[in-house]
Amino acid sequence: MAEYIAVVGGGIAGMETAVRLKALGLEPVLIERSESLGGHVASWHRLFPDMSHADKLIKDLEKGLEDVDVQLGAEISSLNPLRKGYSLVLTNGKVYPCRAIVLATGFSLFPAERKEEYGYGIYDHVITNRDLEGWFNGKADSRVPESPRAIGFVHCVGSRDIKAGNSQCSKVCCITAIKQAIEMKEKFPEAEVYCFYMDLRLFGKKYEDFYIKAQRDYNIHFIRGRVSEVAETIDGQVQVKAEDTLSGKPVRVRLDLLVLMAGIVCNADNQTFTQAVQMPLDDDGFFRSRDNVGAITESDRPGVFFAGACTGAKTIPETLAEARSAALNVYLYVKGLK
Amino acid sequence: MIDRFANSGFHPFVLPFLVGMIFVLTYCFFGMVRIIWELPGKDRRRFFLSLVTPRTAWKNVKDIFLNCLIHVKLWKRNPVLGYMHSSIAFGWFMIILLGHIEVMLFLPERIRFFYYPIFFNFFVAEGESTIQGSVLMFLMDFFLLIILSGIAMAIVKRFASLWFGMRRTTRLSFLDSVGLYSLWAIFPLRLLSESFTAHISGGSFLTVPMNRMFVWFFGNDMNYLPTWWAYSIALGIFMIVLPFTRYMHIPAEMLLIPLRNAGIRIIHPRKGFARVQVRSCPGCGVCIDACPMSVKKENLKDCTVYLNRQIRRGNEKRIAEISDKCLLCGKCTEVCQVGVPGPEMRLAQRSLRKYSINPHYSNIQVDPFIDAIPTGTRVLYFAGCMTHLTPGIKKSVLSLLDKAGASYSVMDPDGGLCCGRPMMMAGRDEQAREMIRLNTEIIRASGCNVLLLSCPICYRIFKEKYKLGNIRIVHHSVYFNELIHAGRLKVNREEALKLVYHDPCELGRGCGIYDEPREAVSAAGTLVEARQNHAESICCGGSLGSITLSYEKREGITRNSVDNLMAGSPDAIVTACPLCLSTFNKYADVPVKDLATVLDEKC
């Protein structure tokens, strides 16, 4: 009987893990609950910092999956520990005896309608970062005006926000907002573009260059201060109230489009996995690594590994690197080398 | 009946009782004088006036009888505890009353010794007229038996409070324990001493057989004096410690009830009416289970019973901590048998707080606000800051007003002034008064005749503190319910839609509005009730009332409240407060909607 390696989640982390496991001569099975692969990245248009296309990344990963057993539209219906490994039953009825499991279940985007004061789902011209990427990908969106004169980006929507029950930083929104602001400025050179931020956390390669470029070459306005509330004016514009904490003054800006940078939050159903394999969930709701410095892809349970943003917010290069590391760890584990 | 001590009418064993009695009466008298003295002159006059007004005077007598002796409120809530309390209180009262009747009937000249009615059976011997007293003797034994049954229950309750429906109860202080044990001792000792002398003084179904048994057991009747001493000492101890224990609530409540009936409110945080409130707290701890914060063990000592205890002890640090932490939901007052107003007590303490920065708002100009309101406005809608933070509510309210064809204006389309309630909750009364003054000016100048509010926090302060003359102040739940009844809003009822209504603290317990929102909810779907509802609804945990509770610490409170609402497995939670809405939204598994949104969807 073939011994599988289950890879749960068909986003870039799961895809890369499966590709590498196959290359290492193991038998991965990639399980994805939706009908297509690519996860969150598949709904994105272009990626920082090189403005490369997201769909190219997905296509490249898919090429490596040609000989891999991919189960689309399937979820795990039961997960039972065996003497060595786990038995997986999928919702489509298939049963996989697995030597190891790699959890690559990723994250959820914060539901922006929960920050009701920003008016997502209530006002006509308020969208999220994902909506905007969809629009970049050519999806029609009536909320985006034809020729906006003023566009605003709100950073940290539902992240670093104790009130929203989510205290961690989503890591990627600062640079995503700058990227999207530049893209909007390229599309609408006449428009004024504002970014409302608490802090700018531009830690990655070329991020700072991006930020300087946004200010110097694109004249994007960065306002340091949290948006307190958003109102709709009679003529359908959105009015943003915030405090410019650098000048210490309240500001009011009228905008034709407001983009909310919805943050990264844990999946609500993470607990079903942790209960099935009897391991604790981290207090932020993400999976808990055995060690956050030296063993980020390993869990407390033998044969259970993590890859990507299921242990916390990550950038794409970090996710891919972790996927490879997870694949290698699985290999060492299966071969009894570690 | 024959007086056994015809010469002196005295025996030294009465001394402990006598000392205790004189002490407690003196203490209570001076305490009462002090409290009345501490009342502001206006309140004092009002109080005296209420004592001679027949209606309030009768109400005082009735309330004292029903609450202090019979414990009617407690019977309604928990019949077992009701029986326990009224058996002791009413039984004891009856024994004292019957004692006086006995003395007046048989030894009227002894009535001036006020230990005679208590120790009647010691001082008398059976005589020719005994037969007349047998009914009284029987009643004495009967009420003693009733009290003993109550005491037995109290002893069981002390060690197994859960049997009596109380999950948590207070931990007693040392003096409270002394008071408790002496109270427990009084009645068994009375039974023993009366039994020992029953062959002399006579007795009834309880004391006579016990007397026979003692004589048979001890072979003589020489043991009566130690038990009478013990009985007197137990009484003495109880009365001497009484002012320093929770049993002070017995005399304090008799002053509290007339003061409350006179309509007096807490002004000074410690003196006057507040002092009676603190002393009237029986320390039963019903508020512990009721307090929404009690879901977390760390908050158990922050409910009203402990506030009262700390005020009595003068522990300023803990008083400030407890006062600032409270959500001011008012549930403790709702379940309190005495009705000690927990939130008002805390607000009064908060007014002692010294802020280092005290902003003043005298530079705010009201004219731009007034000018923005069109003339001829009939309905003026004040959204308030919380509704501005939940724009869905505002949108629904305006849409419903349009659908009903109402002529209205928005008072704060672009943000307005604060209603003042959050400032008041933070102990910033002066700033709150400033806001009230400014808003009053705007509203009066608008010429409206209805002020519509969608936030119960605003609604409460507008109702309680604003003087707007003939302008009707109305919450949107009441207003829309009226529009539905008047046929101006046609709501398509969806039978299959199960909706649970959450009573916001400020609207329900705060303003007594429970039924109108429910009627309106029923117009849109099938109303189901939460496990605890109406006046006993559980605070959402988001209340502005608490100054110190962090968001993380509120999570457990909110989850518990949501859990309570889900008892009838509703499809959605409906509330009528923007703050409850945004608080529940974080943790509820079903949609949370404002009443206006629910109606607007079905209109």
Side-chain angles (χ1 to χ4, degrees), chain A residues 108 110-126 154 157-168 226-243 250-255 258 260 262-263 265-269 271-272 282-285, chain B residues 372 374 383-399 402 409-410 412-416 418 454-455 540-544 549-559 562 575 577-594 596-597 600-601:
Chain A
S108 297
F110 177 79
E113 58 272 16
R114 286 222 175 157
K115 291 291 284 182
E116 200 184 329
E117 58 266 42
Y118 296 158
Y120 182 70
I122 298 169
Y123 300 145
D124 293 339
H125 297 295
V126 180
V154 184
V157 175
S159 44
R160 296 181 71 198
D161 186 349
I162 297 167
K163 249 171 131 173
N166 219 36
S167 56
Q168 83 274 0
R226 276 198 124 154
V227 171
S228 64
E229 69 184 77
V230 177
E232 199 166 43
T233 61
I234 299 163
D235 46 357
Q237 284 187 307
V238 277
Q239 187 187 53
V240 170
K241 283 188 206 167
E243 187 191 352
V251 286
R252 281 183 188 200
V253 187
R254 283 190 170 211
L255 303 168
L258 184 68
L260 305 178
V265 297
C266 63
N267 289 331
D269 54 358
Q271 216 160 8
T272 52
D282 219 343
D283 50 16
D284 56 6
Chain B
C385 44
M386 281 314 305
T387 310
H388 278 293
L389 291 173
T390 45
I393 299 179
K394 191 180 162 194
K395 207 174 174 180
S396 307
V397 169
L398 298 184
S399 157
D402 286 334
S409 311
V410 182
D412 52 347
D414 204 19
C418 173
S454 52
C455 173
C540 68
S543 166
L544 296 175
L549 266 185
S550 66
Y551 286 106
E552 296 97 322
K553 298 223 161 127
R554 291 169 188 243
E555 180 178 342
I557 302 171
T558 308
R559 286 195 187 278
V562 170
T575 182
C577 169
L579 191 50
C580 296
L581 178 91
S582 51
T583 308
F584 283 142
N585 246 331
K586 269 179 249 171
Y587 306 113
D589 295 326
V590 295
V592 186
K593 289 173 184 172
D594 188 81
T597 311
D600 191 38
E601 281 168 2

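The chains referred to below are lettered A, B, ... by the order of the sequence lines, with proteins before strands, and numbering in each begins at 1.
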Side chain, backbone, both or neither: which part of [X] has an atom under 4.5 Å from a heavy atom of chain B?
X: A:Lys241; answer: side chain
X: A:Gln239; answer: side chain
X: A:Ser228; answer: backbone

task = State whether the side chain of A:Glu116 and the backbone N or O of B:Gly392 hold a donor-acceptor pair below 3.5 Å, judged by distance alone.
result = yes
message = Tell me whether B:Lys586 contacts the main-chain N or O of A:Gly165 through its side chain, where contact means a donor paired with an acceptor under 3.5 Å.
response = no
Shortest non-hydrogen contact from A:Gly119 toward B:Pro391 = CA-CG, 4.2 Å
task = Locate the shortest heavy-atom distance separating B:Asp414 from A:Arg252; write the atom from each residue and the value.
result = OD2-NH1, 2.7 Å
request  = Compare all side-chain heavy atoms of B:Thr390 with those of A:Glu117 and state whether any distance is below 4.5 angstrom.
outcome  = no
message = Looking at B:Asp589, I'd like to know if its CG atom is crowded, meaning that more than 12 non-hydrogen atoms belonging to other residues, nucleotides or ligands lie closer than 6.0 Å.
response = no
key: Spacing of A:Lys163 atom NZ and B:Arg554 atom CZ [to the nearest 0.5 Å]   = 10.0 Å
